Q: 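Structure below; questions to follow.
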Amino acid sequence: MSSAKLPPLPAILIANDLLTGDTVFYSGQGWTRHPGEAQIAEDEAASLGLEAAGQEAMRLNRVVDAYLVDVVLSAGGIPVPRHFRERFRLLGPTIRPDLGKQAEFPGLAAQAGQTR
Amino acid sequence: MYRYDEFDAAFVRDRVAQFSAQVERRLSGALTEDEFKPLRLQNGVYLQLHAYMLRIAIPYGTLSARQLRQLALIGERFDRGYGHFTTRQNLQFNWIQLKDVPEILSLLADVEMHAIQTSGNCIRNVTADQFAGVAADEIEDPRPVAELIRQWSTAHPEFSFLPRKFKIAVTGAEEDRAAVAVHDIGLRIVRHPETGETGYAVLVGGGLGRTPMVGKWVRDFLPKPHLLAYLEALMRVYNAEGRRDNKYKARVKILVHEIGIEAFRARVEAEFAQLDPQRIQADASEVERIARYFAPPAHADLPDNPPALRRARAANPDFDRWVEQNGFPHKVPGYQAVTLSLKGIGEAPGDISSAGMRLVADLADRYSFGEIRVTHAQNLVLPHIRQEDLHDLWQALAAGGLATANAGLITDIIACPGLDYCALATARSIPIAQALATRFAAPERQREIGPLAIKISGCINACGHHHVGHIGILGLEKRGEESYQITLGGDAGNASAIGEILGPGLVAGDVPDAIERLVAVYLAHRKPGEVFVESVRRLGIQPFKTAFNAEIRHDAA
């Protein structure tokens, strides 16, 4: 894949877990449900590495629909996507703060600088 | 209600077994996602932003108490304790795990339900008037024909891989409450002007989405025994000639639009002339068997407006308002249908908890012959309530938060799941609905404004029917932000119409004020008795457009 198609940096790799459908992030070692543990690609080489990990995980049927998302690191240390769609994905439905990762990981929304 | 015969039951069980094996093969890696996706979609399984979503068919919006209880159980055991009713009278669970789907489908089969053909390029769940069998303006109950079409279209080998999805709606009433004109095929049960025989008027090529169109008449009167042959002819023309090169131009509305209704009709009639209706139509005995399931329940002989009801209404203004707003006249004296609003102020439209489902199921058993309807406006209906029981019912509903007296009013807003859940969405819908409902919450204000349908979609696919909202709201992305386009003058009923865009898109925070300005134009100019959309038709769009654009912040343009 050419770097022209890669998103701006820094970036993380996001996907859905095959079994559960849950939004997951690539940590460098495997897949994590906590965005704070996502590996952040700061340069093109790292970005290509993440992309290759996504392709491999899809080939192995571990995840579905893996793709790179460009992020900004929040003051709380969470890579927060620049696009609102991926921000909603990161935390859960904006209308149900009692559901999704924002509920599962207390403090996550605040760490991500996203008030709900 | 329809009950599965041994063929229906075996078919659904076989399908559960088949899909369970497919899930197993997917989880083992024997099937790739590309191979699996069309299979899961044909069984109602989508992959959304946070989880898999399962869309369960509720044929023509009719549910039994037992079925609703099973949905409550599934919601509790496999989801997050709630479900979402859709504009196609279906139910969606938002937090499903793929590994659980086989067990869920099996639980559905236990109560004669399934998720077959709730997605994919096939004939989808057939929808109908929620007041079927109840409404006084009904020529005939549309459910027997809806069930017949369901049986005919389920796994129909010729129509399982159409150019695109295909939606059919049926009404048997004079007033269209099923939005038949914005379906691929809309059927209206009509009486022949000379013979008095009942048959079907057939509309084709309606639809919403990125190219909204009102359906066109392809047949004024189709004799009943010709129905399936005629549908087969129509589907064949579409299947053969509908575009497959561009999914955005693949719906039948585009074909009808491109070749014109006259040419389309000629092709359907030519195809129909080659078919033998008798061979295709179900046996008369089978048609009768189906119809018998929809025979009216054993209503008692009761007076209209009994003293107990009059007293309760006089004593309790909240109850009186609820009966006035959410009641619907029943053709049998002494009875009433009631809408249970799933539009509590600040709630997500169409969402109901498992506890709420159980409450409704229990009340349906106690007061409504165990029957519940789902409306395309994302509410529920108890169709057969004794008027003398209305007060007890209302009290029980109020205790469960299901007695909001807003059916058909400005806070009875249709909204798709939008970007809070849906992978296709471009913007959120539910928060806009919540903000508007909160803004217009005061009951007296809502009553003063009167009937007004606001419909919100979170993307151009228009699941929230925004094109046919009296006020429509479409959520889009503009320069990296959510932006909302407002349309005016749409109508889903007899005067079906597509709304017109008023001006530039708005940021979410500006939507309530903009809707206020539209309402203000109506209140200032309405004639006595004239509802919002009638004023729009009489005045034209211009005065609304002027008010709408008067205060738009330039940075939102």
Side-chain angles (χ1 to χ4, degrees), chain A residues 7-8 12 14-25 31-35 54-67 69-72 80-105 108-109 112 114-116, chain B residues 23 25-37 40 45-54 79-82 94-101 346-349 351 415 417-435 458-459 475 477 480-482 508:
Chain A
I12 60 172
I14 193 167
N16 290 95
D17 182 84
L18 171 68
L19 212 58
T20 64
D22 203 357
T23 304
V24 288
F25 312 90
W31 295 87
T32 173
R33 303 179 59 258
H34 195 299
Q55 293 296 329
E56 180 66 1
M58 285 196 283
R59 196 184 65 76
L60 294 173
N61 300 304
R62 171 75 179 80
V63 300
V64 182
D65 202 19
Y67 57 89
V69 167
D70 57 320
V71 295
V72 176
V80 179
R82 287 175 205 270
H83 196 281
F84 55 91
R85 178 186 194 270
E86 308 305 331
R87 286 203 293 274
F88 301 156
R89 253 191 111 184
L90 195 85
L91 295 177
T94 64
I95 50 158
R96 292 292 302 261
D98 59 323
L99 296 176
K101 293 184 166 44
Q102 59 201 345
E104 191 184 342
F105 304 117
L108 175 62
Q114 304 286 304
T115 48
R116 289 271 162 96
Chain B
V23 169
R25 286 158 67 207
R26 175 68 188 115
L27 296 180
S28 77
L31 288 175
T32 66
E33 185 61 16
D34 285 348
E35 289 164 335
F36 180 65
K37 190 175 175 182
R40 70 166 159 78
V45 182
Y46 285 73
L47 185 55
Q48 300 287 33
L49 292 181
H50 316 296
Y52 289 95
M53 177 269 275
L54 180 64
D79 203 86
R80 299 287 190 272
Y82 70 107
N94 291 311
W95 299 92
I96 294 300
Q97 303 199 359
L98 182 60
K99 63 183 175 58
D100 295 332
V101 172
E347 302 290 332
D351 278 12
L419 201 49
D420 280 298
Y421 297 99
C422 178
L424 297 174
T426 43
R428 288 172 293 172
S429 305
I430 297 168
I432 303 298
Q434 291 171 323
C459 81
E477 177 182 350
E481 300 291 338
E482 292 165 290

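Every chain is numbered from 1, with letters handed out A, B, ... down the list of sequences. It should be emphasised that the depicted structure is a prediction, and the values quoted were computed from it without experimental measurement.
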Q: Checking the side chain of A:Thr20 only, and the main-chain atoms of B:Leu98 only, is there a donor and an acceptor separated by less than 3.5 Å?
A: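 Absent.
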Q: Does B:Tyr52 use its side chain to pair, donor to acceptor, with the backbone of A:Leu18 at less than 3.5 Å?
A: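 Side chain of B:Tyr52 to backbone of A:Leu18, a donor-acceptor pair under 3.5 Å: yes, one is there.
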Q: Given a strict heavy-atom distance threshold of 4.5 Å, which part of A:Asp17 is in contact with chain B: side chain, backbone, both, or neither?
A: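 Answer is backbone: N, CA, C or O of A:Asp17 sit under 4.5 Å from chain B.
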Q: Identify the two heavy atoms, one from A:Thr94 and one from B:Pro431, that lie closest to each other, and give their separation to 0.1 Å.
A: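 Shortest heavy-atom separation between A:Thr94 and B:Pro431 comes out as OG1-CG, 4.0 Å.
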Q: Spell out, as yes or no, whether a donor-acceptor pair under 3.5 Å connects the side chain of A:Arg85 to the backbone of B:Ala423.
A: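 Checking the backbone N and O of B:Ala423 against the side chain of A:Arg85, a donor-acceptor pair under 3.5 Å is found.
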Q: Answer with side chain, backbone, both or neither: which region of A:Asp22 has an atom nearer than 4.5 Å to a non-hydrogen atom of chain B?
A: both
Q: Listed by chain and number, what are the side chain to side chain contact (heavy atoms under 4.5 Å, CB included) partners of B:Ala508, not counting sequence neighbours?
A: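 Result, side chain to side chain contact (heavy atoms under 4.5 Å, CB included) vs B:Ala508: B:Ile432, B:Tyr484.
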Q: Hey, could you give me the CG/CG distance between B:Asn94 and A:Leu99, rounded to the nearest 0.5 Å?
A: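 Those atoms lie 9.0 Å apart.
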Q: With a 4.5 angstrom heavy-atom cut-off, which part of B:Thr426 approaches chain A: side chain, backbone, both or neither?
A: backbone
Q: Would B:Asp420 and A:Ile95 count as a side-chain contact (heavy atoms from CB on, under 4.5 Å) here? Give the steps.
A: CA-CA 7 Å; B:Asp420 280 298; A:Ile95 50 158; 3.7 Å; yes
Q: Counting only heavy atoms closer than 4.5 Å, note whether B:Leu49 contacts chain A via side chain, backbone, both or neither.
A: both
Q: Check the pair B:Arg428, A:Phe88 against side-chain contact (heavy atoms from CB on, under 4.5 Å), reporting the backbone distance first and the verdict last.
A: CA-CA 10 Å; B:Arg428 288 172 293 172; A:Phe88 301 156; 3.3 Å; yes
Q: Roughly how far apart are B:Gln48 CD and A:Thr23 OG1, rounded to 0.5 Å?
A: 11.0 Å
Q: Does B:Phe36 reach the side chain of A:Val64, with side-chain heavy atoms less than 4.5 Å apart?
A: no
Q: Could you give the distance from CD (B:Glu482) to CZ (A:Phe84), rounded to the nearest 0.5 Å?
A: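 One gets 5.0 Å once the value is rounded to the nearest 0.5 Å.
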Q: Once rounded to the nearest 0.5 Å, what's the spacing between atom NE2 of B:His50 and atom CZ of A:Arg96?
A: 11.5 Å
Q: With a 4.5 angstrom heavy-atom cut-off, which part of A:Arg82 approaches chain B: side chain, backbone, both or neither?
A: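 Contact with chain B: none, neither part.
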